[in-house]
Amino acid sequence: MPYAAVNGARLYYRQHGAGPDLVFIHGAGGNHLAWWQQTAHFARAYRVTVYDARGWGLSRGEMAVGRTTLGTDLLGLLDHLGIERAHIAAQSMGGRAVAGLARLAPDRIASLVLSGTTAGATNDRIREMQAALRAERGDASLREQALAPGFEADEPGLALLYRQINALNPPRPRGLLGPPPPTYRGSMHELLGSLGVPVLYIVGEHDAITPPAMIREAASLVRGAQVHVIAGAGHSCYFERAAEWNAVVGEFLASVPG
(Lines give C-alpha, C1' and ligand atoms only; values in the text may rest on other atoms or scores of the structure.)
Protein backbone atom coordinates (compact mmCIF):
# COMPACT_ATOMS: atom_id res chain seq x y z
CA MET A 1 0.00 0.00 0.00
CA PRO A 2 1.37 3.48 -0.83
CA TYR A 3 2.51 5.32 2.28
CA ALA A 4 4.76 8.33 2.69
CA ALA A 5 6.87 8.69 5.84
CA VAL A 6 6.36 12.37 6.66
CA ASN A 7 7.18 14.25 9.88
CA GLY A 8 6.99 11.09 11.98
CA ALA A 9 3.67 10.04 10.44
CA ARG A 10 2.67 7.52 7.79
CA LEU A 11 0.42 9.20 5.24
CA TYR A 12 -1.65 7.03 2.93
CA TYR A 13 -2.03 8.39 -0.61
CA ARG A 14 -3.18 7.41 -4.09
CA GLN A 15 -2.32 8.87 -7.49
CA HIS A 16 -4.34 8.60 -10.69
CA GLY A 17 -3.91 9.87 -14.23
CA ALA A 18 -1.18 11.96 -15.82
CA GLY A 19 -0.62 15.63 -16.51
CA PRO A 20 -0.32 18.74 -14.34
CA ASP A 21 -0.53 17.95 -10.65
CA LEU A 22 -3.86 18.38 -8.84
CA VAL A 23 -3.99 17.61 -5.11
CA PHE A 24 -7.27 17.14 -3.23
CA ILE A 25 -7.37 17.71 0.54
CA HIS A 26 -10.35 16.29 2.43
CA GLY A 27 -12.34 17.81 5.28
CA ALA A 28 -12.82 16.56 8.83
CA GLY A 29 -15.74 14.36 7.79
CA GLY A 30 -13.91 12.67 4.94
CA ASN A 31 -10.70 10.99 3.87
CA HIS A 32 -9.19 10.19 0.47
CA LEU A 33 -12.28 8.17 -0.49
CA ALA A 34 -14.52 11.24 -0.24
CA TRP A 35 -13.10 12.45 -3.58
CA TRP A 36 -14.27 9.39 -5.57
CA GLN A 37 -16.49 11.55 -7.80
CA GLN A 38 -13.60 13.90 -8.56
CA THR A 39 -10.78 11.37 -8.99
CA ALA A 40 -12.05 9.66 -12.14
CA HIS A 41 -13.25 12.93 -13.65
CA PHE A 42 -10.03 14.92 -13.25
CA ALA A 43 -7.60 12.05 -13.84
CA ARG A 44 -8.39 12.36 -17.54
CA ALA A 45 -6.39 15.60 -17.70
CA TYR A 46 -4.35 15.78 -14.48
CA ARG A 47 -2.20 13.66 -12.23
CA VAL A 48 -4.57 13.52 -9.26
CA THR A 49 -3.25 12.96 -5.75
CA VAL A 50 -5.58 12.16 -2.87
CA TYR A 51 -4.41 11.36 0.63
CA ASP A 52 -5.50 10.88 4.23
CA ALA A 53 -4.41 13.49 6.76
CA ARG A 54 -2.65 12.00 9.79
CA GLY A 55 -5.25 10.45 12.07
CA TRP A 56 -7.80 10.14 9.25
CA GLY A 57 -8.52 7.15 7.03
CA LEU A 58 -5.48 4.90 6.78
CA SER A 59 -2.89 7.47 7.89
CA ARG A 60 -1.37 7.31 11.35
CA GLY A 61 0.77 9.63 13.43
CA GLU A 62 0.99 11.51 16.70
CA MET A 63 -2.06 13.78 17.01
CA ALA A 64 -0.87 15.91 19.95
CA VAL A 65 1.27 17.92 17.53
CA GLY A 66 -1.74 20.13 16.75
CA ARG A 67 -3.48 21.57 13.73
CA THR A 68 -0.42 23.29 12.22
CA THR A 69 0.90 19.88 11.19
CA LEU A 70 -1.72 19.75 8.42
CA GLY A 71 0.40 22.23 6.47
CA THR A 72 3.80 20.72 7.22
CA ASP A 73 2.48 17.25 6.39
CA LEU A 74 1.16 18.48 3.03
CA LEU A 75 4.51 20.01 2.16
CA GLY A 76 6.27 16.82 3.24
CA LEU A 77 3.98 14.75 1.03
CA LEU A 78 4.65 17.00 -1.97
CA ASP A 79 8.38 16.58 -1.38
CA HIS A 80 8.02 12.81 -1.05
CA LEU A 81 6.10 12.59 -4.32
CA GLY A 82 8.38 15.00 -6.17
CA ILE A 83 5.56 17.46 -6.84
CA GLU A 84 7.17 20.85 -7.39
CA ARG A 85 3.97 22.80 -8.09
CA ALA A 86 0.33 21.78 -7.95
CA HIS A 87 -3.22 22.96 -8.22
CA ILE A 88 -4.69 22.54 -4.74
CA ALA A 89 -8.36 21.80 -4.01
CA ALA A 90 -9.27 21.80 -0.33
CA GLN A 91 -12.52 21.02 1.46
CA SER A 92 -13.35 22.56 4.87
CA MET A 93 -10.58 21.42 7.27
CA GLY A 94 -8.30 21.14 4.25
CA GLY A 95 -8.16 24.93 4.22
CA ARG A 96 -5.88 24.72 7.24
CA ALA A 97 -3.39 22.68 5.21
CA VAL A 98 -3.61 25.32 2.47
CA ALA A 99 -2.86 28.07 5.00
CA GLY A 100 0.19 26.15 6.19
CA LEU A 101 1.47 25.50 2.68
CA ALA A 102 0.97 29.16 1.74
CA ARG A 103 3.15 30.18 4.68
CA LEU A 104 5.82 27.53 4.19
CA ALA A 105 6.13 27.18 0.43
CA PRO A 106 3.89 29.58 -1.52
CA ASP A 107 5.76 28.85 -4.76
CA ARG A 108 4.40 25.27 -4.72
CA ILE A 109 0.83 26.48 -5.34
CA ALA A 110 -0.37 26.85 -8.96
CA SER A 111 -3.99 27.68 -8.08
CA LEU A 112 -6.41 27.28 -5.19
CA VAL A 113 -9.92 25.85 -5.04
CA LEU A 114 -11.35 26.48 -1.57
CA SER A 115 -14.55 24.50 -0.99
CA GLY A 116 -16.50 25.22 2.17
CA THR A 117 -13.55 26.99 3.80
CA THR A 118 -12.24 30.52 4.27
CA ALA A 119 -8.68 29.11 4.43
CA GLY A 120 -8.04 31.56 7.24
CA ALA A 121 -9.11 34.71 5.37
CA THR A 122 -11.09 36.44 8.08
CA ASN A 123 -12.14 39.67 9.74
CA ASP A 124 -14.33 40.67 12.66
CA ARG A 125 -17.51 40.22 10.63
CA ILE A 126 -16.56 36.62 9.83
CA ARG A 127 -15.60 35.99 13.46
CA GLU A 128 -19.02 37.21 14.53
CA MET A 129 -20.70 34.87 12.04
CA GLN A 130 -18.63 31.93 13.28
CA ALA A 131 -19.42 32.68 16.93
CA ALA A 132 -23.15 32.96 16.16
CA LEU A 133 -23.13 29.63 14.31
CA ARG A 134 -21.29 27.91 17.18
CA ALA A 135 -23.85 29.26 19.66
CA GLU A 136 -26.72 28.14 17.45
CA ARG A 137 -25.20 24.69 17.00
CA GLY A 138 -24.59 24.12 20.70
CA ASP A 139 -23.50 20.56 21.41
CA ALA A 140 -24.62 19.25 18.01
CA SER A 141 -21.95 17.59 15.89
CA LEU A 142 -20.73 19.24 12.72
CA ARG A 143 -21.46 15.93 11.01
CA GLU A 144 -25.15 16.63 11.46
CA GLN A 145 -24.77 19.77 9.34
CA ALA A 146 -22.46 18.39 6.68
CA LEU A 147 -25.24 17.72 4.15
CA ALA A 148 -28.04 19.97 2.92
CA PRO A 149 -31.49 19.62 4.49
CA GLY A 150 -33.43 17.04 2.52
CA PHE A 151 -30.36 15.51 0.87
CA GLU A 152 -30.68 12.24 2.78
CA ALA A 153 -34.34 11.89 1.78
CA ASP A 154 -33.60 12.70 -1.86
CA GLU A 155 -30.35 10.73 -2.17
CA PRO A 156 -30.40 8.01 0.52
CA GLY A 157 -27.70 5.94 -1.18
CA LEU A 158 -25.26 8.82 -1.48
CA ALA A 159 -26.01 9.97 2.06
CA LEU A 160 -25.31 6.47 3.38
CA LEU A 161 -22.04 6.30 1.44
CA TYR A 162 -21.01 9.70 2.82
CA ARG A 163 -21.57 8.50 6.38
CA GLN A 164 -19.82 5.18 5.77
CA ILE A 165 -16.74 6.96 4.42
CA ASN A 166 -16.75 9.13 7.54
CA ALA A 167 -17.12 6.04 9.75
CA LEU A 168 -13.77 4.71 8.48
CA ASN A 169 -11.94 7.49 10.35
CA PRO A 170 -10.56 6.61 13.77
CA PRO A 171 -11.46 8.79 16.78
CA ARG A 172 -9.50 12.03 17.11
CA PRO A 173 -8.58 14.03 20.21
CA ARG A 174 -11.39 16.26 21.37
CA GLY A 175 -10.80 19.91 20.56
CA LEU A 176 -8.17 19.22 17.89
CA LEU A 177 -10.06 21.33 15.35
CA GLY A 178 -11.53 23.88 17.72
CA PRO A 179 -11.51 27.63 17.05
CA PRO A 180 -8.41 29.74 17.72
CA PRO A 181 -8.16 31.69 21.00
CA PRO A 182 -10.66 34.58 21.27
CA THR A 183 -7.79 37.08 21.29
CA TYR A 184 -6.44 35.88 17.93
CA ARG A 185 -6.92 38.49 15.21
CA GLY A 186 -4.71 37.12 12.46
CA SER A 187 -5.88 36.55 8.89
CA MET A 188 -4.53 34.78 5.81
CA HIS A 189 -6.15 37.10 3.28
CA GLU A 190 -3.07 39.21 2.51
CA LEU A 191 -0.88 36.14 2.03
CA LEU A 192 -3.47 34.36 -0.13
CA GLY A 193 -3.89 37.48 -2.25
CA SER A 194 -0.13 37.86 -2.64
CA LEU A 195 0.38 34.34 -4.05
CA GLY A 196 -0.26 35.65 -7.56
CA VAL A 197 -2.36 32.59 -8.47
CA PRO A 198 -6.07 32.24 -9.29
CA VAL A 199 -8.29 31.54 -6.29
CA LEU A 200 -11.80 30.09 -6.47
CA TYR A 201 -14.09 29.90 -3.45
CA ILE A 202 -16.95 27.45 -3.91
CA VAL A 203 -19.77 26.92 -1.42
CA GLY A 204 -23.17 25.26 -1.14
CA GLU A 205 -26.29 27.40 -1.00
CA HIS A 206 -27.39 25.70 2.24
CA ASP A 207 -23.98 25.38 3.88
CA ALA A 208 -24.68 25.72 7.62
CA ILE A 209 -21.00 25.58 8.63
CA THR A 210 -19.43 28.09 6.23
CA PRO A 211 -22.50 29.76 4.69
CA PRO A 212 -22.33 31.73 1.43
CA ALA A 213 -22.34 35.10 3.22
CA MET A 214 -19.21 34.07 5.14
CA ILE A 215 -17.46 32.77 2.03
CA ARG A 216 -18.32 35.89 0.02
CA GLU A 217 -16.89 38.02 2.82
CA ALA A 218 -13.70 35.93 2.90
CA ALA A 219 -13.35 36.11 -0.88
CA SER A 220 -13.78 39.88 -0.80
CA LEU A 221 -10.63 40.07 1.32
CA VAL A 222 -8.50 38.04 -1.12
CA ARG A 223 -7.41 40.05 -4.13
CA GLY A 224 -8.87 38.65 -7.35
CA ALA A 225 -10.70 35.71 -5.76
CA GLN A 226 -13.78 34.30 -7.48
CA VAL A 227 -16.88 32.83 -5.80
CA HIS A 228 -19.34 30.21 -7.02
CA VAL A 229 -22.42 29.13 -5.05
CA ILE A 230 -23.89 25.69 -5.81
CA ALA A 231 -27.67 25.76 -5.57
CA GLY A 232 -29.30 23.14 -3.38
CA ALA A 233 -26.03 21.93 -1.84
CA GLY A 234 -24.83 21.99 1.75
CA HIS A 235 -21.36 22.05 3.27
CA SER A 236 -20.20 19.01 1.29
CA CYS A 237 -21.13 20.47 -2.09
CA TYR A 238 -18.31 18.55 -3.83
CA PHE A 239 -20.07 15.32 -2.79
CA GLU A 240 -23.72 16.39 -2.98
CA ARG A 241 -23.57 18.14 -6.37
CA ALA A 242 -20.45 16.61 -7.87
CA ALA A 243 -21.35 17.19 -11.52
CA GLU A 244 -21.67 20.96 -11.07
CA TRP A 245 -18.69 21.13 -8.71
CA ASN A 246 -16.52 19.25 -11.22
CA ALA A 247 -17.68 21.40 -14.12
CA VAL A 248 -17.04 24.68 -12.30
CA VAL A 249 -13.65 23.58 -11.00
CA GLY A 250 -12.68 22.09 -14.36
CA GLU A 251 -13.44 25.37 -16.14
CA PHE A 252 -11.51 27.29 -13.47
CA LEU A 253 -8.45 25.05 -13.77
CA ALA A 254 -8.52 25.24 -17.56
CA SER A 255 -8.32 29.03 -17.30
CA VAL A 256 -5.17 29.00 -15.17
CA PRO A 257 -2.22 30.31 -17.24
CA GLY A 258 0.41 27.71 -18.04
Side-chain angles (χ1 to χ4, degrees), residues 1-4 6 9-17 22-43 46 48-61 63 67 69-70 73-74 77 88-98 113-117 137 140-174 176-177 202-210 230 232-249:
M1 298 177 75
Y3 282 93
V6 171
R10 280 170 49 83
L11 302 184
Y12 179 83
Y13 69 90
R14 301 290 296 186
Q15 290 188 304
H16 307 269
L22 171 57
V23 179
F24 288 101
I25 312 172
H26 65 80
N31 49 56
H32 78 281
L33 293 171
W35 297 110
W36 65 277
Q37 296 176 95
Q38 283 70 45
T39 300
H41 178 85
F42 287 100
Y46 299 89
V48 172
T49 300
V50 291
Y51 72 101
D52 294 335
R54 72 164 69 202
W56 271 261
L58 297 171
S59 293
R60 296 294 180 268
M63 299 300 289
R67 73 180 85 184
T69 308
L70 291 167
D73 282 356
L74 172 58
L77 180 65
I88 306 291
Q91 164 67 17
S92 195
M93 178 189 78
R96 301 185 185 199
V98 167
V113 175
L114 303 172
S115 181
T117 178
R137 188 161 50 243
S141 168
L142 289 177
R143 293 190 189 98
E144 298 173 24
Q145 297 184 314
L147 302 173
F151 181 78
E152 191 156 8
D154 294 339
E155 299 284 355
L158 275 178
L160 175 62
L161 178 58
Y162 182 89
R163 301 191 191 289
Q164 290 299 309
I165 289 173
N166 174 265
L168 295 174
N169 294 328
R172 63 174 180 265
R174 187 173 181 82
L176 178 69
L177 299 176
I202 188 164
V203 63
E205 175 189 11
H206 302 300
D207 191 330
I209 298 173
T210 53
I230 296 187
H235 186 59
S236 300
C237 57
Y238 73 100
F239 194 98
E240 300 167 71
R241 297 287 188 270
E244 180 176 348
W245 196 98
N246 292 350
V248 170
V249 172

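The structure displayed is predicted, hence computed values, not measured ones.
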What pairs meet the side-chain hydrogen bond (donor to acceptor under 3.5 Å, both in side chains) rule with one or both residues in residues 151-160, with sequence neighbours excluded?
Glu152-Arg163

Counting C-beta onward and ignoring hydrogens, is there a side-chain heavy-atom pair between Met93 and Trp56 closer than 4.5 Å?
yes

On a heavy-atom basis, the closest approach of Tyr13 and Ala4 is CE2-N, 3.9 Å

Inter-residue atom distance Ile230.CD1 - Arg241.CZ, 0.5 Å rounding
9.0 Å

Rounded to the nearest 0.5 angstrom, the OH-OG1 distance for Tyr46 and Thr39 is 14.5 Å

Measure across Ala233 and Cys237 and return the closest heavy-atom pair with its distance rounded to 0.1 Å.
CB-CB, 3.6 Å

Considering only heavy atoms from C-beta outward, does the side chain of Val249 approach that of Tyr238 to under 4.5 Å?
no

When rounded to the nearest 0.5 angstrom, what is the spacing between CG in Asn31 and CG in Leu168?
6.0 Å

Give the ring-plane orientation class for Tyr12 versus Tyr3, where under 30° counts as parallel, over 60° as perpendicular and anything between as tilted.
perpendicular

Non-hydrogen atoms of Ala90 and Gly95 that approach each other most closely
CB-N, 3.9 Å

Just wondering, do Leu161 and Ile165 contact through their side chains at under 4.5 Å, heavy atoms?
yes

Considering all heavy atoms, the nearest Ile25-Trp35 contact
O-CZ2, 3.2 Å

Check: Trp245 ring centroid to Phe239 ring centroid under 6.0 Å
no

I'd like to know if the side chain of Asn169 reaches the main chain of Gly55, judged simply by a donor and an acceptor atom lying under 3.5 Å from each other, with no hydrogens or angles considered.
no

Output for pair (His235 NE2, Gln91 CD), nearest 0.5 Å, gives 5.0 Å

On a heavy-atom basis, which atom in Gly116 and which in Asp207 lie closest, and how many Å separate them?
CA-OD2, 4.1 Å

Once rounded to the nearest 0.5 Å, what's the spacing between atom CG of Leu74 and atom CD1 of Ile88?
5.5 Å

Scanning both residues in full, the closest heavy-atom pair of His206 with Pro149 reads CB-CD, 4.0 Å

Heavy-atom distance under 4.5 Å between the side chains of Thr210 and Thr117, does that happen here?
no

Between Glu240 (side chain only) and Ser236 (backbone N and O only), is there a donor and an acceptor less than 3.5 Å apart?
yes

I'd like to know if the side chain of Asp73 reaches the main chain of Ala53, judged simply by a donor and an acceptor atom lying under 3.5 Å from each other, with no hydrogens or angles considered.
no

Heavy-atom distance under 4.5 Å between the side chains of Ser59 and His32, does that happen here?
no

